[in-house]
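Right, one structure below, let's go through it.
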Amino acid sequence: MTEPSEDARVDLGRGVTMPMVGFGTWRLRGASAYEAVRYALEIGYRHIDTATMYQNEAEVGRAVRDSGLDRGQVFITTKLPPQNAGRERATIDASLRALGTGYVDLWLVHWPPRRSSVPVWEQFIAIRDEGLARAVGVSNYDAVQIDELIRATGERPVVNQIPWSLPGYDPKLLAAMRERGVVVEGYSSLKNTNLRDPVLTQIAGRHRVTPAQVVLRWHIQHGIPVIPKSAQPDRIASNFAVSGFSLTSEEMSALDHLSRR
Ligand SMILES: NC(=O)c1ccc[n+]([C@@H]2O[C@H](COP(=O)([O-])OP(=O)(O)OC[C@H]3O[C@@H](n4cnc5c(N)ncnc54)[C@H](OP(=O)(O)O)[C@@H]3O)[C@@H](O)[C@H]2O)c1
């Protein structure tokens, strides 16, 4: 079994790698966004997930700058709201201004726009080629929608950020994404899992970790990058400390089957 560590990364191609554990920032705004991201960076996170829609890019950018880390040490993802289709350049310019950086590491189409995504995707590729985003991908897309982008441009989204959790485990979807060379990145992983499920709490007890740590570790051992959000320092820290134990194949399989109960 692989032994991913906190600094484990997934390869997105073209020389870009993304840390497996990132810090989610949805619903963190203002001073609490700044404080949470500062703390996350202090304890070791090197991957921050934001979006135009979260209205916290300025706080995320300030926290990264104030952390004293080099820009190149922190992987930053942001996202284009679907209603901004047709205004891709203005949107990335506004994100970069708010973040106070010359580039983002990953830029995602947040949701499929109402009309075809192809023109948006063409702009994403052009903006990546100019160096404003090191990698480009999508979020909340299905395989048919991804195939449309690949057919039209010959370029795949390197990431599809989608809900992923114990009850939502979907090996067929994971296989479909992997066949296309698309990395599944999981969101709402804690929120959408019953952290009191006895199977989960028993496994957590055996390893002397929290149920949330088991959920995050299960993602990592499936090769799925994960971006837990918390406003609480103890949880921010424990959600990152998921490399000191390893789930057995029996435990992985028991967790996989929670979705079918
Ligand atoms: N692409 C998209 O459409 C999309 C959609 C949703 C989310 N996302 C991204 O994914 C990130 C994560 O998803 P999410 O924020 O929806 O949900 P999440 O990270 O699964 O769960 C966050 C919730 O769980 C609580 N929590 C955090 N750590 C915990 C722990 N160790 N034990 C118990 N409870 C814990 C948090 O409360 P406290 O803050 O009080 O700790 C918060 O209520 C977002 O922040 C965002 O960056 C993307």
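Each ligand, and each atom within it, is numbered from 1 in the order the structure gives.
- Atom 7 (C) of ligand 1 has as its closest protein heavy atom Tyr187 CD1, 3.5 Å.
- Under the 3.5 Å distance criterion, the side-chain polar atoms of Arg180 are left unmatched by any main-chain donor or acceptor of Pro157.
- Annotation for ligand 1: atoms under 4.0 Å from non-hydrogen atoms of Tyr54 are 4 (C), 8 (N), 9 (C), 46 (C), 47 (O), 48 (C).
- Under the 6.0 Å distance and 45° angle rule, Arg29 does not count as a cation-pi partner of Tyr34.
- Heavy-atom separations between Phe23 and ligand 1 are all 4.0 Å or longer.
- Within the 4.0 Å heavy-atom cutoff, Asn140 counts among the residues contacting ligand 1.
- The protein non-hydrogen atom at the shortest distance from atom 41 (O) of ligand 1 is Ser230 OG, 2.5 Å.
- Listed by number with element, the atoms of ligand 1 under 4.0 angstrom from any heavy atom of Pro228 are 19 (O).
- At a cut-off of 3.5 Å, with distance as the only test, a side-chain donor of Asn56 or Thr25 sits close to an acceptor on the other residue.
- By the 3.5 Å distance cut-off applied to N or O atoms, Lys79 is not counted among the residues near ligand 1.
- Remark: minimum distance from atom 23 (C) of ligand 1 to any protein heavy atom is reached at Lys229 O, 4.2 Å.
- Defined by atom type and a distance below 3.5 Å, a donor-acceptor pair is missing between the side-chain atoms of Asn192 and Trp164.
- Considering backbone and side-chain atoms together, Ala212 places no N or O closer than 3.5 Å to any N or O of ligand 1.
- Under the 30°/60° scheme for interplanar angles, the aromatic rings of His207 and Phe245 are found to be tilted.
- For the pair Ser188 and ligand 1, the shortest N or O to N or O distance falls below 3.5 Å.
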